[in-house]
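Counting begins at 1 with the first residue of the sequence.
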Amino acid sequence: MSWAQSVTQCTQSGGVLTSVEDLVESNFLIEHADLYTGKTSGFWIGIYRNVNGQLLWQDNSALDFVNWGEGQPSGDELAFCVELSAATGNWSVLPCSSQKGFICKKPKIHSFLFTFYLFTDAEKNKASGHLNMWILLTLVLIILLGVGFTVYFLFKMKTGSGTGREVRQGSRQLEYSRVLTAGDNGSDATNDKEKNEHSVV
């Protein structure tokens, strides 16, 4: 990726192109960048020259440490970008349109430690982005299915308990009507008994 594309990619991931503030940080980057020497010769870092000719870090940290390679930087070019060599860890000036890997730096919220992202090429990022999208779509589908089943079962429980209530009410009405009917039969028996008693007297 070009330097500008690398800046955009880092920004989208919530970071910036890395700054190198001291020898310890430089050694850490060199150790990890060396793992990628087969994929890229270097990585964009966040140092640049502004329109006034000042060298600045993209994250506005102080430029107190440098690790320029021999003969670097060359000239007073205004439009140059800096790469960290994957093999040596030295910095060199390149045209910003050169295709390199890049290192993003993202501060952790609760710590002074930083997370570094090493990217070697755009194809790897695209493949990773597609994989992440499929994982996200799968999770959304699982969540929607879970919500659907929950709504379905709650609906079935509600309509099922309503049917049970109607059955209970129906059986109460049936019992009540039996009682009434039995009561009517009982009063008929009493009336018959009274008629028999009157006829005997």
Side-chain angles (χ1 to χ4, degrees), residues 1-69 72-141 143:
M1 289 191 171
S2 70
W3 191 85
Q5 290 169 327
S6 301
V7 168
T8 301
Q9 189 71 32
C10 286
T11 303
Q12 288 175 348
S13 69
V16 293
L17 281 177
T18 191
S19 58
V20 185
E21 298 178 25
D22 54 34
L23 184 59
V24 173
E25 195 169 14
S26 179
N27 289 337
F28 174 82
L29 291 174
I30 292 167
E31 179 183 325
H32 288 86
D34 188 46
L35 300 172
Y36 295 93
T37 54
K39 295 183 179 184
T40 184
S41 61
F43 298 92
W44 291 123
I45 58 176
I47 194 170
Y48 69 99
R49 187 182 299 265
N50 70 5
V51 293
N52 297 328
Q54 295 175 295
L55 290 174
L56 302 170
W57 286 113
Q58 186 188 4
D59 66 1
N60 297 319
S61 58
L63 185 63
D64 295 333
F65 174 81
V66 293
N67 191 22
W68 294 109
Q72 296 289 329
S74 57
D76 289 330
E77 307 160 51
L78 287 179
F80 77 77
C81 297
V82 178
E83 77 153 339
L84 169 88
S85 168
T88 65
N90 292 329
W91 305 350
S92 57
V93 174
L94 291 177
C96 296
S97 60
S98 300
Q99 298 297 303
K100 296 291 177 182
F102 57 100
I103 304 171
C104 294
K105 186 177 192 179
K106 182 178 177 183
K108 289 187 177 181
I109 295 171
H110 54 59
S111 173
F112 293 107
L113 299 175
F114 294 95
T115 305
F116 293 93
Y117 297 96
L118 300 174
F119 296 98
T120 56
D121 56 33
E123 293 305 314
K124 181 179 176 185
N125 293 336
K126 286 180 184 175
S128 175
H130 289 288
L131 178 64
N132 289 341
M133 185 172 52
W134 282 111
I135 291 171
L136 180 64
L137 286 174
T138 303
L139 288 174
V140 167
L141 182 62
I143 289 169

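Under the 4.5 Å side-chain criterion, counting only non-hydrogen atoms from C-beta, N90 is not in contact with Q72. A heavy-atom distance below 4.5 Å is found between the side chains of K105 and S19.
Distance check, rounded to the nearest 0.5 Å: CD of Q58 to CD1 of I45 gives 11.0 Å. The CG atom of N27 lies 8.5 Å from the CG atom of N67; values are rounded to the nearest 0.5 Å. Here the straight-line distance linking atom OG of S97 with atom CD of Q5 works out to 10.0 Å at 0.5 Å rounding. In this structure, CG in L84 is found 6.0 Å from CG in L29, a value given to the nearest 0.5 Å.
Pairing each heavy atom of C10 with each of F102, the nearest pair is SG-CD1, 3.6 Å. Listed here is the closest heavy atom pair of L63 and V66: CD1-CG1, 4.3 Å. When all heavy atoms of F65 and E21 are compared, the closest pair comes out as CB-O, 3.4 Å. Between T40 and A86, the shortest heavy-atom contact is O-CB, 3.7 Å. L55 approaches W68 most closely through the heavy-atom pair CD1-CZ2, 4.1 Å. In terms of heavy-atom proximity, W44 sits nearest to V82 at CE3-O, 3.3 Å.
Using modelled atom types, no side-chain atom of E25 and backbone atom of V20 make a donor-acceptor pair closer than 3.5 Å.
No side-chain donor from either of S6 and K100 sits under 3.5 Å from a side-chain acceptor of the other.
Looking at I47, L17, V16 one by one, the single match for side chain to side chain contact (heavy atoms under 4.5 Å, CB included) with W57 turns out to be I47.
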Go through the steps to decide whether K106 and S13 satisfy the test side chain to side chain donor-acceptor pair (under 3.5 Å), and finish with yes or no.
-> CA-CA 8 Å; K106 182 178 177 183; S13 69; over 6 Å; no
